[in-house]
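All residue numbers in this chain count up from 1 along the given sequence.
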Amino acid sequence: MHLFSPSSSSPTSKATLTLFSPSQNPNNNSKFYFKIHTKTRTTIPCSSKESPPVLDPKPLSLESSRTNEPNSQESNIVIESKRDSLEGMLVVRRPEMEVAGEDSAESSGKESDDDNTKSVAVIDVGLEEFAKKMSVFEPERVGSSGSSPQEKPLNVNLDLALYKAKVLARRLKYKEAEEILQKCTSYWPEDGRPYVALGKILGKQSKTAAARAVYEKGCQATQGENPYIWQCWAVLENKMGNMRRARELFDAATVADKRHVAAWHGWAILELKQGNVKKARQLLAKGLKFCGGNEYVYQTLALLEAKANRYEQAQYLFRQATKCNPKSCASWLAWAQLEMQKENNLVARKLFEKAVQASPKNRFAWHVWGVFESNIGNIEKARKLLTIGHALNPRDAVLLQSLALLEYKHSTANLARVLFRKASELDPRHQPVWIAWGWMEWKEGNIPTARELYQKALSIDSTTESAARCLQAWGVLEQRAGNLSAARRLFRSSLNINSQSYVTWMTWAKLEDDQGNNVRAEEIRNLYFQQVSNLHSVPLMTRSSTEGRFPAVYTRISDDLVI
């Protein structure tokens with residue numbers, strides 16, 4: 001189609017061609033005249049290097065040659081002059097609308113009149129193949145059979161995967177959970193939740209190096225802006241004893257988000273365990289400042305006030321904690337224990353009721369309440385509370401242990417044995433159950449059975465506080481049985497685990513008094529009081545730093561005491 005035609009207003013005039021020339025008739029406004037050639041079609045490819053001008057001379061010469069007018073030669077001259085004058089006009093390209101395949105289908109069995117058609121078709125096919133490889137021309141379709149394996153699933157799949165991994169971890173299927181979380185970190189590297197979950201699972205398996213690597217990778221992937229990863233990493237380092245590193249990580253968590261209250265609270269707990277009470281108070285105050293009222297911060301501050309014998313302030317802070325979260329069983333329970341220590345039994349009982357109402361299945365609430373009632377003489381109520389707690393928590397061994405001791409003291413030993421055996425089957429690695437059972441058998445005069453039960457408790461773990469208590473109880477058993485040498489060895493082993501045990505030191509001193517070794521007994525007592533006084537003066541002292549602190553005393557009893 002050509003965008004020009006000779007003017008038809010004057011048939012006798014020369015064929016002067018005008019681009020978009022309007023008709024001379026004033027009644028026909030904005031009419032344009034075009035000449036359409038149907039016999040010959042010229043195809044101009046889009047990719048041609050030289051763009052043809054709007055006025056193509058070739059169609060003009062063809063048109064003029066087909067005219068039968070006598071002045072056709074003059075028309076050709078005019079056309080040539082017009083062409084020369086239009087050489088400087090704006091060049092316009094007309095894109096090819098037909099596809100090479102369609103063009104060949106329409107003209108099946110016919111050959112093209114122009115030799116350029118074949119070359120144009122080849123170029124068009126090449127462009128078509130190139131466009132299929134480019135995403136801007138052919139975008140990927142999610143879910144198609146040829147989709148890329150690197151496609152990112154929907155975010156809802158992340159939530160489902162995290163829940164599935166959590167369920168698997170509860171069932172101790174750590175390997176399957178780790179595989180799921182590894183995929184989550186590859187699909188959603190910018191989300192911090194998979195790193196936190198994976199790090200906790202590795203930490204439960206004592207894979208501290210792998211957990212640390214996961215947390216470090218998560219911090220890099222989130223550009224250090226996720227406070228949860230920093231905080232979990234700090235907790236891991238704290239458990240491993242790297243206090244300085246833990247402080248740095250807690251600080252990084254508060255920098256990432258100063259409203260992350262768990263970081264402030266965890267950091268404060270670390271400082272409390274190190275004896276830095278003033279620093280802990282400052283951190284808790286910052287937590288309240290930036291995060292507002294929080295039950296855990298108020299509860300920790302209340303416990304600090306109670307330890308300093310400021311009971312009114314402690315009660316106020318406990319009240320604030322329960323206002324922040326009336327469903328907080330821990331706050332009600334801690335407040336009840338404070339009132340229990342002050343012997344406000346009626347208030348404590350009401351607070352215990354609040355605790356179990358806030359969390360009916362909380363095993364700690366039922367246990368502490370039952371022990372409280374037992375201590376004040378309400379045996380039937382204590383038995384009822386412990387039984388209810390066990391019914392709500394049938395897998396908990398602690399409730400059965402306390403119930404067994406209650407039955408032994410106020411009922412029969414046979415019933416207590418049944419409960420102890422059941423508790424040991426529920427949790428074979430719970431040391432206090434074996435220790436309490438051994439103590440009962442000792443009281444019943446079954447010395448060999450008691451030794452076996454004590455040995456069973458120590459075989460689980462010989463480095464815990466429970467192991468220290470077990471060794472002390474076993475030492476008393478051997479002392480009563482007349483095996484003084486074995487009793488001394490057991491007391492020494494107990495102090496190797498917990499050198500701050502007043503009961504163990506005094507029991508050993510009494511043994512020496514009973515044997516007439518008064519000087520030796522006095523040395524043991526002086527060693528304990530000297531050690532305690534020095535530890536109070538240096539609150540950050542660790543067990544390793546106390547070694548060799550009292551060389552004179554250690555030299556005199558080095559044969560029997562090694563700490």
Side-chain angles (χ1 to χ4, degrees), residues 200 227-228 230-232 234-235 238-239 243 246-247 249-251 253-254 257-372 385 389 393 396 398 539:
K200 287 183 177 180
Y228 297 93
W230 290 113
Q231 184 232 337
C232 292
V235 172
N238 187 17
K239 289 182 179 179
M243 303 303 173
R247 288 188 178 97
L249 295 170
F250 276 126
D251 188 22
T254 58
D257 186 3
K258 64 180 180 181
R259 293 182 298 274
H260 189 61
V261 67
W264 295 108
H265 186 261
W267 192 357
I269 296 298
L270 182 150
E271 299 297 343
L272 284 176
K273 291 182 178 179
Q274 294 298 306
N276 301 328
V277 179
K278 184 177 180 180
K279 178 66 174 179
R281 287 181 178 274
Q282 293 175 354
L283 294 171
L284 293 172
K286 288 183 179 180
L288 291 176
K289 176 182 177 181
F290 295 119
C291 311
N294 182 270
E295 53 175 308
Y296 298 103
V297 176
Y298 279 128
Q299 177 184 334
T300 305
L301 286 172
L303 293 174
L304 287 176
E305 297 297 333
K307 189 175 182 179
N309 296 326
R310 291 190 286 266
Y311 294 104
E312 293 183 359
Q313 291 87 338
Q315 289 173 344
Y316 169 78
L317 291 170
F318 275 128
R319 192 174 293 108
Q320 294 298 319
T322 54
K323 284 183 179 179
C324 289
N325 184 11
K327 296 296 182 180
S328 175
C329 180
S331 298
W332 292 110
L333 191 57
W335 191 359
Q337 289 177 295
L338 173 65
E339 300 297 340
M340 182 177 64
Q341 294 174 2
K342 295 294 293 179
E343 297 184 354
N344 298 328
N345 295 336
L346 294 177
V347 178
R349 187 175 290 112
K350 291 181 180 179
L351 293 172
F352 279 125
E353 291 177 359
K354 293 281 189 179
V356 297
Q357 288 174 3
S359 181
K361 291 186 177 182
N362 190 290
R363 58 192 180 96
F364 300 104
W366 292 105
H367 181 257
V368 177
W369 191 4
V371 173
F372 164 74
L385 292 170
N393 301 273
D396 184 72
V398 179

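- Scored by the side chain to side chain contact (heavy atoms under 4.5 Å, CB included) test, F372 finds M340, N345, A348, R349, F352, W369, I376 as partners (sequence neighbours excluded).
- Within the model, atoms NE2 of H367 and CG of L385 stand 11.5 Å from one another, a figure rounded to the nearest 0.5 Å.
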Worked verdict on K323 versus Q320 for side-chain contact (heavy atoms from CB on, under 4.5 Å): CA-CA 5 Å; K323 284 183 179 179; Q320 294 298 319; 4.2 Å; yes
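- Within a 6.0 Å radius of CZ in R259, no more than 12 heavy atoms belonging to other residues, nucleotides or ligands are found.
- For residues 269-289, there are no ring pair (Phe, Tyr, Trp, His ring centres under 6.0 Å) pairs, not counting sequence neighbours.
- The main-chain N or O of P326 is found under 3.5 Å from a side-chain atom of W332 such that the two form a donor-acceptor pair.
- A salt bridge links E271 with R247: the closest approach of a Lys/Arg side-chain nitrogen to an acidic carboxylate oxygen falls below 4.0 angstrom.
- When side chains are defined from C-beta on, V235 counts as touching F250, because their heavy atoms get closer than 4.5 Å.
- Between C232 and K200, the shortest heavy-atom distance links the atoms SG-CE, 3.8 Å.
- A336 and L351 make their closest contact through CB-CB, 3.5 Å (heavy atoms, listed as atom of the first residue, atom of the second, distance).
- Rounding to the nearest 0.5 Å gives a distance of 11.0 Å between CG of L270 and NZ of K279.
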Show the atom names and distances, to 0.1 Å, of all donor-acceptor pairs under 3.5 Å that link a side chain in residues 282-290 to residues at least two apart or in another chain.
none

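- Closest approach of A321 to Y298, counting heavy atoms only: CB-CB, 3.7 Å.
- Residues meeting the side chain to side chain contact (heavy atoms under 4.5 Å, CB included) test with Q315, sequence neighbours left out: W335, L338, E339.
- Between the CG atom of L304 and the CD atom of Q299 there is a distance of 11.0 Å, given to the nearest 0.5 Å.
- Not counting sequence neighbours, W264 has no partner by the side chain to side chain donor-acceptor pair (under 3.5 Å) test.
- For the pair H265 and N294, the minimum side-chain heavy-atom distance is 4.5 Å or more.
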In residues 354-363, what donor-acceptor pairs under 3.5 Å come from side-chain atoms, sequence neighbours left out?
from	atom 1	to	atom 2	distance (Å)
N362	OD1	F364	N	3.0
N362	OD1	A365	N	3.0
R363	NH1	D396	OD1	2.6

Audit row: N238, M243, side-chain contact (heavy atoms from CB on, under 4.5 Å) steps and yes/no: CA-CA 6 Å; N238 187 17; M243 303 303 173; 3.2 Å; yes
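- Summarising the geometry of C291 relative to K258, their closest heavy-atom pair is SG-O, 3.8 Å, with the distance given to 0.1 Å.
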side-chain contact (heavy atoms from CB on, under 4.5 Å) assessment of L272 paired with T300: CA-CA 10 Å; L272 284 176; T300 305; 3.8 Å; yes
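- Looking at every heavy atom in both residues, S331 comes nearest to F318 through O-CD2, 4.0 Å.
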